[in-house]
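Below is one structure, written out as structure tokens, with a few remarks after it.
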Amino acid sequence: LVSAQAVQHGARAKTAVEDAQVAVAERDFTRAGEELALASRELEAASLKLSVFRVLQPLPWVGRQVRVTLELLDDGREALDVVRTITEIGIDIESDLRAVGVAEGLTDIGTFKDLSPDARRELVMALHRAVPDFEQAKARLDRQRVVLEGLSDRGLFFGLQLAREELLTQVRLLDDSLTLLIPVLQVLPDMGGFNGAQHYIVFMQNTGELRPTGGFWGTYGVLRIEDGEIVDIVTDDIYAVDGPSEGFVTTPPPAPLVQYLSADAWYLRDANWSPDVPTSVRRAFAFYDAQTGVPATEERPVTAPRVAFDGASLITPEIGVQLIRSLGNVTIRDVEFTPETCFDALEYEVEQGFVDRGILVENRKDIIGEMVAILFERLQTADTETLGELVDAGLNLLAENDIVLYSQDPDMQRIFEREGWAGDLRLNAQHDHAMVVDANLAALKTDTEIQRAYTYSITKNVDGDLIANLQINYD
């Protein structure tokens, strides 16, 4: 009878947790907190019912089942308490939003653009102020995760094994989410232009034409962000910067550029010669500043904006795939760009299709600007569910280095480096290092078709010296 009553309490706790999840999805944090409190009380009641079995703990097999059951109930209550802490943050944010005129708090938000600048600022700053609370919640989850991962399910009956695995899965999910969320909230006020307008340059890396940071910089964009909104965006061919500066640039290029491209100077398009992204970006800033400052002529107008950049981002075509997947297919000039075809279709249009359409070579990449404008317009009116999908996708792209970030602000740059978002090379002199860096100098988009294999081995010769051997196979 006691066991049956404990099971009933557990079932009611599970129902309350499910109701809380629904409330969170609806951004009703007050109701979510109430449901979580109910779930916690039900787990406590189950624990009290089962405490009568503590006397069985000295027994070899049964005792372990009892002990683990009680531990899992305590762990469940601890996890619920952490989640309740997070919902209380949501309640505090709602209160802050109401103070600036958002009548229904978070439930009143349709799209981010619908918010007034004051409301946007308050939302972002409230989340930023909550970072210490999120960090405390994560510390508790870290400890709980270690305990649950150290709890062997060997010898446990099947029901307890499932309970442990389900609880551990939820703890990992929440812990991993906070791991990603906290650094975003730390940099959001500055990156989002809430402490003053921010100017960024974006280099689009062509992964079909590899260069040391990840791809040839064939296209660039300039962004101005204020109060969480991209208020100005310009994209253009990289040669719009390089072309007018020919004859003025005197920086000697790396030897391979001279040997294989007969380069007489070092231009922005080749600035990413170092695989260390911060090094290449700093060089790009210097090149951009020098090249956009050359005298303009009627034949060679300088169209690139003169900007002092606060930061930079390097992106691969995968970001376009993710945007189209979330925001919908894009049709330009009778060509439909889908997540599956956008890279190849765009590559064709800027390399060959423009000739058939009678488009001047200097305008061949205007189609990229048209696509950016369409996606940007959709992004501004995206609902919160779609924005949530894009945030998740963005974090995955950062983890895979399809987005790499650089900031002129040392504190922000340290966060990027700590999270592995900076593309920086940090070598430890106590370890052996080998890195293969490709630079496609043939302007052919062949790298996606090349299969690579590397074999690295260390042997000792007769004198006792360690000899490293690296074998590189391209197919």
Kindly say whether the aromatic ring centers of Phe309 and Tyr288 come within a distance under 6.0 Å. yes

Between Asp175 and Arg145, does at least one N-O distance fall below 4.0 Å, as a salt bridge requires? yes

Is any side-chain N of the basic residue among Arg211 and Asp270 closer than 4.0 Å to the acidic one's carboxylate O? yes

Sequence neighbours excluded, which residues qualify as salt bridge (charged side-chain N to carboxylate O under 4.0 Å, His left out) partners of [X]?
X      : value
Asp409 : none
Asp424 : Arg426
Glu209 : Lys445

Among all residues two or more places apart in sequence or in another chain, which pass the side-chain hydrogen bond (donor to acceptor under 3.5 Å, both in side chains) test with [X]?
X      : answer
Ser40  : none
Asp81  : Arg140
Arg143 : none
Asp276 : Thr279

May I have all residue pairs that pass ring pair (Phe, Tyr, Trp, His ring centres under 6.0 Å) and include part of residues 202-231, sequence neighbours excluded? Phe203-Trp217

If a pair satisfies ring pair (Phe, Tyr, Trp, His ring centres under 6.0 Å) and one of its residues is in residues 317-353, list it, with sequence neighbours excluded. none

Tyr200: partners by ring pair (Phe, Tyr, Trp, His ring centres under 6.0 Å), with sequence neighbours left out: none

Go through the structure and list residues passing ring pair (Phe, Tyr, Trp, His ring centres under 6.0 Å) with Trp273, not counting sequence neighbours. none

Just grab all the salt bridge (charged side-chain N to carboxylate O under 4.0 Å, His left out) pairs involving residues 322-349, residues at least two apart or on different chains. Arg333-Glu370, Glu349-Arg357

Under the criterion side chain to side chain contact (heavy atoms under 4.5 Å, CB included), I'd like the reasoning laid out for Thr292 against Val241: C-alpha separation, chi angles, the key distance, then a yes or no. CA-CA 7 Å; Thr292 56; Val241 179; 4.3 Å; yes

Locate the shortest heavy-atom distance separating Gln291 from Leu268; write the atom from each residue and the value. OE1-N, 3.0 Å

Please check if any side-chain donor atom of Asp438 sits under 3.5 Å from a side-chain acceptor atom of Tyr474, or the reverse. yes

